[in-house]
Each structure stands twice: as structure tokens, then as C-alpha cells.
Amino acid sequence: MDLRQLVQRKLASGERCTHSIETAKIIDDKRHLRIVAIIEKNDEHAILVYTASRIPCLNSEDLKLETVLSVDATLRCHAEAPRSDQSGIATSFLLGLKSPEIHILLEMPQQKSTQNFLAEIKRAQDLHTQNAAFGTTPSFDWLTKYRNKAGSSNPFAEDVFDPMKYMNLEGPNNHVTLTEEGQSSRSQSTWFASEFDNKLLLNGQGVAPYTNSYFGSRDSLDAMNKEFDFTDSLDSLQKQLGLGPGVELPIGAKPITSREAFARKILAERENEFTNVQTVRVFCGTWNVNGQSPSEALDRWLVVDEEPPDLYVIGFQELDLSREAFIFNDSIKEAEWQKSVKEYLHPKAKYKKVKSVRLVGILLMVYIQEKLSKYVNFIDADTVATGIMGIMGNKGGVSVRFTLHSTSMCFINSHLAAHQDEFERRNQDYRDISSKIKFKEFSPPLTMVDHDLVFWIGDLNYRIAGMPLDDVKMYIQKQMYKKLLLGDQLHGQLGQSDIFKDFKEGTIGFDPTYKFDTGTDVYDTSEKSRIPAWCDRILWRGDEIQQLRYDSHPQLRISDHKPVSSLFCVGIKVIDQKRYKKVYEDIMKQLDRIENDYLPQIKLDKTECLFKDVKFIEPQTEIITVANVGQAHVEFEFIKKLDDVGYCKPWLSAKPYKSVVEPGLSCDIHLEVYVDKATVSSLNSGQDKLEDILVLHLHGGKDFFITINGNFLPSCFGSSIEALIQMHHPIREVPEAQLVEIEQPGSLSQVDLSKSGGRLYMIPKELWRLVEHINVHGKAVENLFQIPGLQTELQQIRDCLDTGVPDVLPGSVHSIAESLLLFLECLAEPVIPFSYYSQCLAASNNLLLSKQVLSIIPEFHKNTFQYICEFLKEVLKYSDKNGLDFKFISAVFGAVLLRPPQSASCGGGTSKSNRHRLQEEEAKRAAFIYHFLTNDVLA
């Protein structure tokens, strides 16, 4: 009988065995037969390992459950070198599966069933990530009965101290502030920490809200697109799962232990002993195409070098300027440019796409020569929107990372804030993109600085300032570029500030690439007569990079920008396996010799942290120093307490949350409190307090407890409408006990108007101040509700609303507009209460039904909704100046006025159906708001 049918008979109703395979478990250098199955229930997946009482299995009673593994963010996959028969043909490979509680090593046959099995794990982990991104948190409750059968596990069962693994073989150095994964310096190679695990850790946390604004292209080397990319072979599936050629350990050795983590750190210090440098040629190109379709041959940009590059990194900005592209996912222009680029790659080589990713009009594509594609591993991508509140992806950055041989590479394409005088906003965009890029298929997620090599391309929008237009044009005509660079906003910052820190740029020897009259080589002759500028740039970060050329391509005229390209010669580290094995064995022998000589000992400079007067969206940081006072390496990490979801409350974070400290050195842990829109309501209402206890676990040692205390200054951001209309004074002047009382649901029904002054506000006074300011000063401002505000100004506006001082709101109109959206999004109960959400969606296609729903919501919510709608209709009268339209405003305000309850936002379903449901709900929310913007709200 089929193995899958036998496993199915042992499952409960609603559970389905999707794949099963006969394999062997390696224990003490011996093979033990096992049956491994993948089980699915309600889009949650698990791996069940069975022992067999006889071979072949004839009925389900022959199977006995041994191990249960959830396919979630904690599951790691690790593969070792294939095993060959006498003819030298690979017949199997070793697959390590690791969760916080379980480590097993399986010998997998090289056959079609294994290919399907690995593909199903990949699909399950993708599904877990995407569901988590939409707020669905799998519980895996249905596995409890199986875990009870298989026997409980101790999460620290394998946390046995191996003293020698901590030994500093090279001798102590001076004080170093360590980073995550035990790195002592960012200049040190990171391959050992981020790649060597050959892991695929999926993490749905930290995904930006409003995911409707972007979805990365799925065609890549990980077999998402069969026309462009790798075939669905076993090798490619191993790459998808992160199953690259890891440490070749003896059969039966534990896959990944803390001992190995320390060995890798020492290996990184000695990597020059077993690595060779191989050069590859990298082509980087960037072009702002101004929403145009590819009507010109691209070979004049992409094929200007005699020898074909090994890597193509191609970035576009303003790919699609349609209003729909700002709100929805699909873009016809993307397909057009993808096709055109593929047609014009260098004809002397064959290429495969590594990955492409798009955020509205920002597209990044990476191609590699076929002969090198087999050395590519650990592909991931991310996007960061810097548009207003993260809703708008018209500005921001996209990134792709992977490992080529043993060198980690990261490529970023960005479009920063426009306009001559928005110098500081561009700087803020850089800071946001560089800090928020997270490659979430790793745990903890990798950041930009965790890579050996980084290339940053795009329309950075930095301008030439402080020079008259006529002088600029004269310098261009005479090719006096050094004179022009004196006024270049980016050139003056490189190496002088935190902007593009550690990045380099080659010598610019071409004319400014912006702004031209479309179809010509003539700089802007419009009424605005913009000063020419080098908006389009290519920068890099890392060693072993030599720039061969840096050019613009003025022959291409379809846009108001000219494309730019650069060619690099890059050194890639390639491991010599024989030399590597020799060094590795040498390290392990040294570890073994003094294994029992040392125990971990640390000293904390403090165990209590006090955060005073914490404010909404304003971080505070305290530093705790962990000093290694013993003779052994110390590995620590913060662990979660019993029944807690994470190691700390959501308003708190620790960086690094785990690390390695060498003897005589110390590590600074930055504890940051940051109250955002997700946590502010519970702190305002008293449901939560700034109190927590962190558990710092020493591997092989004891636990330390760190107490967190603080006080939060209440804010109108995160309060309820019900509470705000009862406050006659700014929220900071309301006594804490009274604030907690009026923040309780239903508090309005307890109000005695005769004692409270005899009146309630019709709408929150803070909302009135924001709306009135925009109505008086900003309703005709260009790009209203489309350009983000400055963080410093948002904080000033918050203080003004919370304290009542000053009388006039500070900051620009764009900052006031973002504050309005943030205020509405943070309301404890949205303007349309959660309980009416489903009714509003059901009525969204009918004006009369929509009005009926509005008529039954609480009076103070109805007043607020009507007030906002009348304001928006007034703003839309100036659409010729502010560039707004009804559909756009309906979509933006639909997202904040009509928010789904938590239960609705966490709905299940497959990733595709779940995404479709969310898109459908977004459209219905916009349609509901649209009725009241195009008709009389009060009629």
C-alpha cells in the first residue's frame, strides 16, 4: 500500500498527508529506517517522522510516531555534501532539520519523490511567511495530540556547555562592541554568520503595513518563472530551501550546535587560509524612464563593453506613473521593460535571472551568466516605501541579495525625494531605506550592512545647489565637472556624514543626467527651467571592488533622464574545500584539547533600566554592557518567558538580542523603547504599562534577569474618539486616573453633563486643529497627502496637540497631512467602529445601503466621519492644483477610516486567496468612502 495512504489512516479528520518518503535517520554513525511525512491542516504544515516495525509496511499499525516538527519561522534546513556510490554517482544527501527543540539528520535519496518532498517544504514555508505578513499567526494547536504521543521535549535539552568552544585561540584584543551573531567588526567577512548555516528561516514579523502597495516579482532563480529561470530540479529546490554545500561533517555528527557557531567565528578569522579570490564583472545600470514604454533599442545602454559582464544589475524608476500603480499591484509597464531588457542583454553570453522585485515604479532586475548560476544561493528580496506613512510606494527602495560562492552581495535600487530644496528629505529617505531593509528569510533578518559587497543605484535626486542656472550650463558645456561637483548635494556628504557612510562613488566624467526635454538632448526649457543635476547615481560599499568605467548614455531620449551605467571588477571568495577541511579539523582539535577547562562567566553593568517620559513615535535607548570576565567565549541570547510570544513586549527591542563575547571583551546591548501605532492605544488606556522583565540566557550557564520600567506620556494619538470629545483640555493635563476611566469603552454613557460643564465636543478638538490647518494653509498644495512629513516635525505636531502649545501647529503642510492620517489610523476604535466593518463592506456597492449603515453607528463617530468627508470634498475642489482625485483619496482614507478588526485581518486561506481577499476588501473600503465624497453625506 502507498505510504501516504498508511500515514493518512493515522490522522484526524481535516488533516491531510500531502507527501511521504522512506528515508534513514543517522544515529551514532548508523542508518535507521524512518518514514517522513508532510501533514497539512488549514494552511498549517508539519513534518511527522515515524519508525516502522517491518519493511515493507503493510498497514498503519506498522508505523509509530517518533518526532513532530512544525513548518514555521523556527524551522531550519541544513544539507551536507551528497553521498556517492562506487561509480561516483551521487545517490543521496544528508538533510538536517532543526527547530528550537529538535535536531535530526536524515539521509535523503536522490530521486523524484525527494524533489517533490523538498518542493512541498518550500511551498509550506512560503505560505507561512505570506500568511504571517497578512497578520495570520498559526497556532499549530492540532499538533498537541501528536507531540504528546511522541513525548515532550526540553527546549534546552541540547544546551550542554562545551567549555573549549568558547576558547579564544588567537589571544584577547581590546574592547570591542560586538554585533549580532558574534561579529566583532563590520569590516570582517560575514559569510560565516549569514550564509554558513545554509538555513532558511522564515519570519513574518516586521512586514510593513499596506502590503497592497507592493508585491515582489516571483520570477527568479528559485524556480518561480520557468521561462526565464532555473528548471525545477532537485538542485534548484535545495537552493530554494537554503540547502547549499555546508560543513562536511562525519555522518551522525550533530547538524548545528553552539560549538559549531564558535568554530565558524574562528574560521572567519582564518578564512584567508582556505579561500581564493575569483574576479567577476558586474554591470550596474539605472534609468528613470518617466513612465514611458521601451520604444528604443537598449543595446546602447546594456551592451557597451566588448566582453560580456558576469552579472547584470538593472534598476528603473518611475516605471509606471499611472494612478492605479500607486494603489494596486499590477503594472503592464513592468512586463514591457522586463521583456525589453531580456532581449538586449549581451549577445556573447547566456543569462538567467536571479531575481526581480518591484515597488510601484521602482524595479530591480538581476541576471547572471548561466555558467555561474549554480554557485548562487540564499536569494531574498525586500522593499521599503518612503512615501507618506508607507502607503505610497512612489518613493522608496527595493533590494535583492544572494551569495555567489562564499561572498554575500546586496543590490539596492532607490528613488529618493524630489525637488531642489528637499535635500534633508532625501537624506531621511536614505536613512529609512538603509535601516529598514530586512531580508526576512534569515533569523534574525539580515540587513544591508551584513553583506560583504553592496551596490546602491537609482534616481537619488540630489541636485546642484548654490549655482545660477547659466553658470551650471556653462560648466557643462566646458565639461568643468569638478566645478559642478562643488555644488552637488551628495558629493559634499560622501565620507563627511552618516549619509551613504562607507560608500564610494567613481569620478563623474559625463554631463548631468536630468532634466531634459523628452526626445531631445536639450536641458529643461519649460517654465520651471530646472537646474541640471546628476540625479542618477551608482555607488558601492566593500572591499575587492574596482570600478572600470562610469558613463551616461545620452543617445537614449525617451525620458527626461539619461540612463547611467558602470562596470566593476569584483573579487569573489571561493572556498578551497581541501584547505578548508584541514583548517576546520585543526580548530576542532584545539577545541577538544581544552574542552573542560573553562566555564562562562559574565558581569552586567546594570540589571535595571528606567525609561522616563516616553513619547509616541520617539525612541529612547538604554545601554547594558555584558562583560566576559571568564576565560571562555560566552554565547548569550534573550529568551521568551513561559507562555510569552516573544522575548520582550512589542514596544521593546534588544540589539543584538544574541551574540558571542570573547574573554576579556564586552558587548553593548542597546535596549530601545519605541511606542508606535500598534502599541500606543493599550498604553494610553492603561491596559499595558512600560514594565517588562528580560531573561538573558547564557548558553551552558545561568539566566540573568533585567527589569524594565518607565512611564509613558499619554497622547491623543491612540486615544478613542469617545475619550477625546470628553477632554476640555490637552491630554497631558488630564489626570491619569481620569484618563484611564474615560478611555474605557462605554464611558460616554456615564458622563453627567451638568458636572462636566454641560457640553461635549462634536468631534475631537485635535482632529479639528489638523483639518483646519490644512483647510486654511494647504488644500491647494501640490502633492497633498502624497509626500511624507519629516519625523522631527511629526514629533513637534504631536507635542503641540498633546500640550496645546504653541497655538499654531508647527511643520510643513505635508507633515500636518501625514499627522492627520496617523491620527486617524491610531484611533483605538476607528471612525467606522470595528463592529460595523462587515456591514460597510457588504453595502459598499450601493449608496443607499451605505447611508443606512452610517445612520446606525454611534453619534460621535458619525459626526467625525461626516466632518472628514466634507473636508475632503473641499480639498478635492482644488484637484487641479493639489493633483488629487476621488479614487485616490477614497483609497487612502478608506484604509484609515474603515479598518478591519483583528479577527478579520488574520483570516486564513491560501496565500493567493488570502491576498485576493485583502485586495477585494481594499477596493470595497475605497468604494464605501467614494459614495460619500461624490454625494451629499447628510442627504
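These numbers were taken from a predicted model, which means no experiment stands behind them.
- Looking at residues two or more places apart in sequence or on another chain, you find a side chain to side chain donor-acceptor pair (under 3.5 Å) between E743 and S719, S720.
- Counting only residues at least two apart or in different chains, salt bridge (Lys or Arg N to Asp or Glu O under 4.0 Å) contacts with residues 764-780 comprise K779-E874.
- Residue E736 qualifies as open at atom CD: its count of foreign heavy atoms under 6.0 Å is 12 or below.
- No side-chain N or O of D613 forms a donor-acceptor pair with one of Q620 less than 3.5 Å apart.
- Remark: R899 pairs with no residue by the salt bridge (charged side-chain N to carboxylate O under 4.0 Å, His left out) rule, at least two apart or across chains.
- With contacts defined as side-chain heavy-atom distances shorter than 4.5 Å, the pair S819/L770 qualifies.
- Under the side chain to side chain donor-acceptor pair (under 3.5 Å) criterion, D432 pairs with Q428, sequence neighbours left out.
- In this structure F712 satisfies the ring-ring contact (aromatic ring centres under 6.0 Å, His included) test with no other residue, sequence neighbours excluded.
- With sequence neighbours excluded, the residues forming a ring-ring contact (aromatic ring centres under 6.0 Å, His included) with F616 are F717, listed by chain and number.
- Considering only residues two or more places apart in sequence or on other chains, H773 meets the ring-ring contact (aromatic ring centres under 6.0 Å, His included) condition with H777.
- Within the 4.5 Å cutoff, side-chain heavy atoms of I816 are placed close to those of I797.
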Original post:
Hey, mind stepping through K440 and D382 against salt bridge (Lys or Arg N to Asp or Glu O under 4.0 Å) and telling me if it holds?
Top reply: CA-CA 8 Å; K440 303 175 185 69; D382 193 25; 3.1 Å; yes
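- Every side chain to side chain donor-acceptor pair (under 3.5 Å) that E793 has, sequence neighbours left out, goes to S812, S815.
- You'll find the side chain of V614 stays beyond 4.5 Å of the side chain of L713, heavy atoms only.
- When all heavy atoms are compared, the tightest approach of I742 to S747 is O-OG, 2.7 Å.
- Taking the ring centroids of F888 and F785, they lie at or beyond the 6.0 Å cut-off.
- Contacts of D676 classified as side chain to side chain donor-acceptor pair (under 3.5 Å), with partners at least two apart in sequence or in another chain: T679.
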**OP:** Quick one: do Q786 and N882 satisfy side-chain hydrogen bond (donor to acceptor under 3.5 Å, both in side chains)? Show the steps, please.
**Re:** CA-CA 10 Å; Q786 299 175 64; N882 57 37; over 6 Å; no
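- Salt bridge D429/K395: absent, no basic N to carboxylate O contact under 4.0 Å.
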**OP:** Report the C-alpha distance between L690 and L683 in whole Å, list the side-chain angles of each, state the deciding distance to 0.1 Å, and finish with yes or no for side chain to side chain contact (heavy atoms under 4.5 Å, CB included).
**Re:** CA-CA 8 Å; L690 291 183; L683 291 167; 4.1 Å; yes
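- Note on residues 853-867: pairs passing salt bridge (Lys or Arg N to Asp or Glu O under 4.0 Å), not counting sequence neighbours, are E859-K862.
- Scored by the ring-ring contact (aromatic ring centres under 6.0 Å, His included) test, F638 finds Y647 as partners (sequence neighbours excluded).
- Applying the salt bridge (Lys or Arg N to Asp or Glu O under 4.0 Å) test to pairs two or more places apart or on separate chains, those with a residue in residues 797-810 are K615-D799, E618-R798, R732-D799, R732-D802.
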Original post:
Can you check side-chain hydrogen bond (donor to acceptor under 3.5 Å, both in side chains) on D459 and H415, steps first, answer last?
Top reply: CA-CA 5 Å; D459 179 359; H415 191 187; 3.1 Å; yes
Subject >> Chi angles and distances behind the side chain to side chain contact (heavy atoms under 4.5 Å, CB included) call for T864, L897 >> reply: CA-CA 10 Å; T864 303; L897 297 178; over 6 Å; no
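- Aromatic rings from F860 and Y761 are positioned such that their centres are separated by 6.0 Å or more.
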